[in-house]
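Below: one structure, written as structure tokens.
The first residue in the sequence is number 1, and the count goes up from there.
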Amino acid sequence: MKTIVLLILSIFFSWTLTTEQAPKPIHVEVSGNGNPIIFIPGFTVPGEVWNPVVKELEKSYECHVVTLAGFGGKAPIEFPWLPKVNDALVNYISDNNLENVTVVGHSLGGTIATWLASRENSKVSNIIIVDALPAAGALMIPNFNPDNLAYNSPYNNQQLAMDDTQFEQMATMMSQGMSVNKEAQEDIKTWILKADRKTYVYGYTDYLKLDLREDLKSISIPTTIIAATKPFGKDVVTKNYQDQYANLKDYNFILAEDAAHFVMLDQPEWFLSTMKTILSTQ
């Protein structure tokens with residue numbers, strides 16, 4: 001009898017310890033008071049990218065700043081990664097009884113914001129999408145078919161096999177195309193290098209597989225899309241967004257002049273002013 005009791009206790013404490021230590025899909029820092037705003041960063045990017053904006057907005061809003069698992073020094077989680085992140089955000093909103101939620105998302109974060117807004121019984125009241133598309137894979141991959149994308153692929157295996165020098169060279173080239181700000185380029189490069197490698201590789205596959213173009217039909221809340229004009233120019237950018245968001249009933253479209261992908265880092269004063277204007281009208 002004593003042996004059975006000890007065995008049960010051992011299993012219980014082992015399960016409790018495993019549950020408590022299991023890596024989380026999202027990590028959230030909260031500051032300020034007022035109506036809630038959830039800030040979701042882009043791929044590989046920690047929540048700190050929103051710090052300058054949050055510093056101002058927390059005076060009037062309750063800011064929930066998200067960092068995703070595997071990025072910004074946070075522990076990675078099991079795959080598939082993105083579905084777990086999305087579900088964790090839905091649960092976070094519900095568990096914290098958040099109402100009239102504004103979601104601000106950059107890049108992947110903007111795609112996630114779109115996903116949240118399209119869910120049935122969503123508590124999201126409006127979304128602000130910063131340089132993000134509902135189906136990035138469709139723009140990047142000829143004859144796009146999400147079913148053809150898999151973790152085990154030559155491209156993914158090549159990235160996993162890169163040594164530190166090769167990966168840093170790739171990160172340097174990528175960061176230079178994402179911002180016109182030299183200091184920001186270094187930050188972006190650092191964030192890429194700090195990311196968990198498997199999350200970087202397999203998580204991007206999750207991202208490219210996601211196609212929300214049909215889901216846009218379910219969104220009826222106020223939506224603002226901010227799009228960077230660099231490097232492709234106004235005409236190309238506008239057409240890409242019109243094509244991708246064709247199923248969205250109504251949205252406010254704003255072009256960010258002289259900014260690349262990281263709009264908030266390239267045009268910080270303009271971005272903050274624009275954010276305040278958008279939020280004041282909601």
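Considering only heavy atoms from C-beta on, Gln244 comes within 4.5 Å of Leu139 through its side chain. Ile278 has its side chain within reach of Ile254: a pair of non-hydrogen atoms, C-beta onward, lies under 4.5 Å apart. Two residues are said to be in side-chain contact when any heavy atoms from C-beta on lie closer than 4.5 Å; Val124 and Ile221 meet this criterion. Using a 4.5 Å heavy-atom cutoff, the side chains of Ile37 and Glu62 are not in contact. Under the 4.5 Å side-chain criterion, counting only non-hydrogen atoms from C-beta, Leu149 is in contact with Phe144. Put simply, the side chain of Val45 reaches to within 4.5 Å of the side chain of Phe262, judged on heavy atoms. Proximity of Trp191 to Glu48: side-chain heavy atoms (C-beta onward) are separated by under 4.5 Å at one or more points. Looking at Leu108 and Leu68, their side chains come closer than 4.5 Å, going by heavy atoms from C-beta outward.
A distance-only check finds a donor-acceptor pair linking the side chain of Thr274 to the backbone of Trp270 [under 3.5 Å]. At distances below 3.5 Å, not a single donor-acceptor pair connects side-chain atoms of Lys123 with backbone N or O atoms of Ser94. Here the side chain of Thr229 pairs a donor or acceptor atom with the backbone of Ala256 at under 3.5 angstrom. Side chain of Asp211 to backbone of Arg213: a donor-acceptor contact under 3.5 angstrom is found. Looking at Asn156, its side chain does come within 3.5 Å of a backbone N or O of Tyr151 through a donor-acceptor pair. Distance alone, capped at 3.5 Å, places no donor-acceptor pair between the Glu168 side chain and the Leu193 backbone. Proximity of a side-chain donor or acceptor of Ser122 to a complementary backbone N or O of Arg119 within less than 3.5 Å is not detected. The closest donor-acceptor contact from the side chain of Arg197 to the backbone of Gln159 lies under 3.5 Å. Looking at Ser118, its side chain does come within 3.5 Å of a backbone N or O of Trp115 through a donor-acceptor pair. The closest donor-acceptor contact from the side chain of Asp131 to the backbone of Ala228 lies under 3.5 Å.
Asp235 CG: 12 or fewer foreign heavy atoms inside a 6.0 Å radius. Within 6.0 Å of NZ in Lys55 there are 12 or fewer heavy atoms belonging to other residues, nucleotides or ligands. The environment of Lys198 atom NZ is sparse: at most 12 non-hydrogen atoms of other residues, nucleotides or ligands sit within 6.0 angstrom. Applying the 6.0 Å contact sphere to CD of Glu29 captures no more than 12 heavy atoms from other residues, nucleotides or ligands. Other residues, nucleotides and ligands place more than 12 heavy atoms under 6.0 Å from the CG atom of Asp243. The local environment of CG in Asp163 is crowded, with over 12 non-hydrogen atoms from other residues, nucleotides or ligands closer than 6.0 Å.
Under a hydrophobic clustering in which Ile, Leu, Val, Met, Phe, Trp and Tyr are joined whenever their side-chain heavy atoms come within less than 4.5 Å, directly or via other members, Phe43 and Met173 fall into different clusters. Val30 and Ile93 fall within the same hydrophobic cluster, defined by Ile, Leu, Val, Met, Phe, Trp and Tyr side-chain heavy atoms under 4.5 Å apart, directly or through other members. Val180 and Phe271 are members of different hydrophobic clusters when ILVMFWY side chains are connected at heavy-atom separations under 4.5 Å. Hydrophobic clustering places Leu255 together with Leu248 (ILVMFWY residues linked when any side-chain heavy atoms are closer than 4.5 Å, directly or through intermediates). Cluster annotation: Val130 and Phe232 are assigned to the same hydrophobic cluster (Ile/Leu/Val/Met/Phe/Trp/Tyr, side-chain heavy-atom contacts under 4.5 Å, transitive).
In this model, a donor atom of one side chain and an acceptor atom of the other lie less than 3.5 Å apart for Glu58 and Ser31.
Proximity of the aromatic rings of Phe39 and His106 is defined here by a centroid distance below 6.0 angstrom, and this criterion is not met. Between Phe167 and Tyr200, the distance separating the two ring centers is shorter than 6.0 angstrom.
Taking CG of Asp250 as the start and CD1 of Ile219 as the end, the distance is 12.0 Å to the nearest 0.5 Å. The structure places SG of Cys63 at 10.5 Å from CD of Glu56, a figure rounded to the nearest 0.5 Å. Interatomic distance, OH of Tyr241 versus CD1 of Ile225, reported as 7.5 Å (0.5 Å rounding). To the nearest 0.5 angstrom, Lys189 atom NZ is 11.5 Å from Met170 atom CE. Note that CG of Asp215 is 11.5 Å distant from CG of Leu116, once rounded to the nearest 0.5 Å. In this structure, Ser107 OG and Ile129 CD1 are separated by 12.0 Å, a value rounded to the nearest 0.5 Å.
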- Query: Hey, mind stepping through Phe253 and Tyr245 against ring pair (Phe, Tyr, Trp, His ring centres under 6.0 Å) and telling me if it holds?
  - Reply: CA-CA 11 Å; Phe253 185 64; Tyr245 285 96; 8.4 Å; no
- Task: For Val101 and Leu98, run side chain to side chain contact (heavy atoms under 4.5 Å, CB included): C-alpha distance rounded to whole Å, both residues' side-chain angles, the deciding distance at 0.1 Å, then the answer.
- Result: CA-CA 6 Å; Val101 182; Leu98 300 183; 3.6 Å; yes
- Query: Do Thr102 and Asn126 pass the side-chain hydrogen bond (donor to acceptor under 3.5 Å, both in side chains) test, and can you show the C-alpha distance, the side-chain angles, and the key distance before you say yes or no?
  - Reply: CA-CA 5 Å; Thr102 295; Asn126 59 89; 3.0 Å; yes
- Query: Given the rule in the side chain to side chain contact (heavy atoms under 4.5 Å, CB included) test, do Thr190 and Ile188 qualify, once you have shown the distances and angles that lead to the verdict?
  - Reply: CA-CA 5 Å; Thr190 299; Ile188 296 164; over 6 Å; no
- Query: Is there a side-chain hydrogen bond (donor to acceptor under 3.5 Å, both in side chains) between His261 and Ser179 once you walk through the steps?
  - Reply: CA-CA 6 Å; His261 186 50; Ser179 174; over 6 Å; no
- Task: Using the side chain to side chain contact (heavy atoms under 4.5 Å, CB included) rule, take Glu257 and Gln267 through it: C-alpha gap first, then chi angles, then the decisive distance, then the call.
- Result: CA-CA 8 Å; Glu257 301 279 0; Gln267 295 290 344; over 6 Å; no
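His27 and Lys24 get closest at one heavy-atom pair: NE2-O, 3.5 Å. In terms of heavy-atom proximity, Leu208 sits nearest to Ala136 at CD2-C, 4.4 Å. Here the shortest heavy-atom pairing between Asn100 and Ser125 reads C-OG, 3.3 Å. Of all heavy-atom pairs spanning Ala260 and Asp266, the tightest one is N-OD2, 2.8 Å. For the residue pair Val65 and Gly47, the shortest heavy atom distance occurs at CG1-O, 3.3 Å. Taking all atoms of both residues into account, the shortest heavy-atom contact from Thr111 to Pro134 is CG2-O, 4.3 Å.
For the side-chain contact (heavy atoms from CB on, under 4.5 Å) with Ile112, the qualifying choice from Ile38, Val103, Asn86 is Asn86, the only one to do so. No option in Val66, Asp87, Asn91 other than Val66 meets the side-chain contact (heavy atoms from CB on, under 4.5 Å) test with Ile26.
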Without placing hydrogens or testing angles, list every side-chain donor-acceptor pair under 3.5 Å for residues 72-81, not counting sequence neighbours.
| from | atom 1 | to | atom 2 | distance (Å) |
| --- | --- | --- | --- | --- |
| Trp81 | NE1 | Ala69 | O | 3.0 |

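Note: Tyr92 and His64 have perpendicular aromatic rings, judged against thresholds of 30 and 60 degrees for the angle between ring planes.
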